[in-house]
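What you see is a predicted model; the values in this text were computed from it and never measured. The sequence lines fix the lettering, A, B, ..., with proteins before strands; numbering per chain opens at 1.
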Amino acid sequence: MTDTKQPYVSDNCETYTDLEDSHEKIKNPELASILKKVNRSRNYRKPPIDNKQLDIFEPPPLTDISTKDEISLMDIAVFGLGRKPRFEPIEYNLKDAHIMVQGGTNCGMATIFDYDIFLYMISYLTNEMNRIKKEIKKGNDDYLPPRSIKPSVAELLNYCRRDHGGENYKLLEKSLERLSTTKISITKVNSKNRRNGMFSLIGDYNITTQKETGRISDITISIPEWVYDGIVRIENPTVLTLNPDYFLLDKGAHRFLHRLARKAAGKTEATYSLEKIYERSGTTRVFRRWKSDIKSTIAALKENPLPEYSISWETKGKKVNIKMIYTGNKK
DNA sequence: GCGGTATTGTGCATTAGTAT
DNA sequence: ATACTAATGCACAATACCGC
């Protein structure tokens, strides 16, 4: 099972890494060009060796909350897209709302990778609630889900399909801090009145570490009220399932595009202008810099497409549109 | 000014390997 | 199986540069 080091007969390399490194020396030009491409772009992480999401019976399906106050949270980035936490706030001026995302002054804003923890929380809660609803249909009363989750760290990392490297344990603490302090404020204006609200991605959290060893023994994350109410107290929660391969997407921009496609295209297709995607990505880059970035980002998808969606770059004169087409199982 | 590419720094992510 | 270490890799963004 763990013999991942299968030698490649063709070129005397021990491992896949050897093969990648030696692509210059490879005689077969076709193979060499493929390997060069692999070297250049890595859209997907390799899944951890033990490629199981959870060792429990069934992992909860990956779900994300899609709207809040009739505002779609999936087609804007309520987090930074980079690995480095960002400190500048993001502002969105949408048609019917003004949205402001701001991180903590010390730790910065949550990143799209920190958001994985949020997804774990949503998935857990949705799954739990679906189970309870089934029980109620059968006529059995049941307790509502708890208002906080207590995952073991390994369980959390497994679900997010990450490696169990110790680094992840250290970073978890920072991730939680960012998630908890990132505030999203929505100001909605309709014809009659103006509503303003502020919420964060996760509530309070506790991390218990053992004194002698410094090991994390326990984490508790409280579920913020808007999430709990949105899933438990509303009859038809606005949640969408995602493909678990989402966790393997290595580029923040790819994750953003996948979320956008999932929401906008669904099981059909959708087209956005490049300008609109630029605005909704929350990037700090000037447009023409971002444009060349996103162009190569989308070009990389030719080799390794997004799970279930194809993204294409279409030019109409000077205008650029991004077309997203569902390629998954149309059932 | 506007388009594009090339280079570089930073902080997180990943990997192999190790300890319990 | 879970938790940790050290070394390396990577994306994003800032910056410089070039040609128009």
Margin query: Give the residues of residues 104-114 of chain A touching DNA chain B, defined as any heavy atom closer than 4.0 Å, sorted by residue number.
Written below: A:Phe113
Check: What's the NZ-C1' distance between A:Lys251 and C:dA13, to the nearest Å?
Finding: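 Going from A:Lys251 (NZ) to C:dA13 (C1'), I get 13 Å.
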Check: For the pair made of CG in A:Leu81 and P in C:dA13, what is the distance, rounded to whole Å?
Finding: 7 Å
Check: What pairs with A:Asp293 under salt bridge (Lys or Arg N to Asp or Glu O under 4.0 Å), at least two apart in sequence or on another chain?
Finding: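 So A:Asp293 forms a salt bridge (Lys or Arg N to Asp or Glu O under 4.0 Å) with A:Arg285.
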Note to self: Please enumerate all residues that pass salt bridge (Lys or Arg N to Asp or Glu O under 4.0 Å) together with A:Glu275, with sequence neighbours excluded.
What the structure shows: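 Listed in chain order: A:Lys319.
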Note to self: According to ring-ring contact (aromatic ring centres under 6.0 Å, His included), does anything in residues 277-315 of chain A pair up with another residue at least two apart or in another chain? List the pairs.
What the structure shows: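 Every ring-ring contact (aromatic ring centres under 6.0 Å, His included) pair that includes a residue of residues 277-315 of chain A, provided the two are not neighbours, is A:His258-A:Tyr309, A:Tyr278-A:Phe287, A:Tyr278-A:Trp290, A:Tyr309-A:Tyr326.
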Margin query: Using the side chain to side chain contact (heavy atoms under 4.5 Å, CB included) criterion, which residues pair with A:Ser123? Sequence neighbours excluded.
Written below: A:Pro60, A:Leu62, A:Thr63, A:Tyr159
Check: Of the nucleotides B:dG11, B:dT5, B:dC12, which one has an atom closest to the side chain of A:Lys84?
Finding: B:dG11
Notebook entry, point to check: Considering only side-chain heavy atoms of A:Arg289, which listed nucleotide, B:dT5, B:dG11, C:dC12, is closest?
Noted result: B:dT5
Note to self: Considering every strand and a 4.0 Å limit on heavy-atom distances, what is the contact class for A:Gly252: base, sugar-phosphate, or nothing?
What the structure shows: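 Sugar-phosphate: the residue A:Gly252, judged by heavy atoms under 4.0 Å, touches backbone atoms but no base.
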Notebook entry, point to check: How would you list, by chain and number, every residue that makes a side chain to side chain donor-acceptor pair (under 3.5 Å) with A:Asn243, sequence neighbours excluded?
Noted result: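 Partners of A:Asn243 by the side chain to side chain donor-acceptor pair (under 3.5 Å) criterion come out as none, since no residue qualifies.
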Notebook entry, point to check: Among all residues two or more places apart in sequence or in another chain, which pass the ring pair (Phe, Tyr, Trp, His ring centres under 6.0 Å) test with A:Phe79?
Noted result: A:Tyr115
Checklist line | Any residue of residues 273-288 of chain A with a heavy atom less than 4.0 Å from an atom of DNA chain C | finding: A:Thr283, A:Thr284, A:Arg285
Check: Would A:Thr187 and A:Asn196 count as having a side-chain donor-acceptor pair, cut-off 3.5 Å?
Finding: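 The answer is yes; a qualifying pair exists.
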Which pairs would a plain distance check flag for residues 95-108 of chain A, meaning a side-chain donor or acceptor within less than 3.5 Å of a matching protein atom at least two apart in sequence or in another chain?
| from | atom 1 | to | atom 2 | distance (Å) |
| --- | --- | --- | --- | --- |
| A:His98 | NE2 | A:Glu91 | OE1 | 3.0 |

Next item on the list: Select from A:Lys174 and A:Lys295 the residue whose nearest nucleotide in DNA chain B is closer to the 5' end of that strand.
Entry: A:Lys295
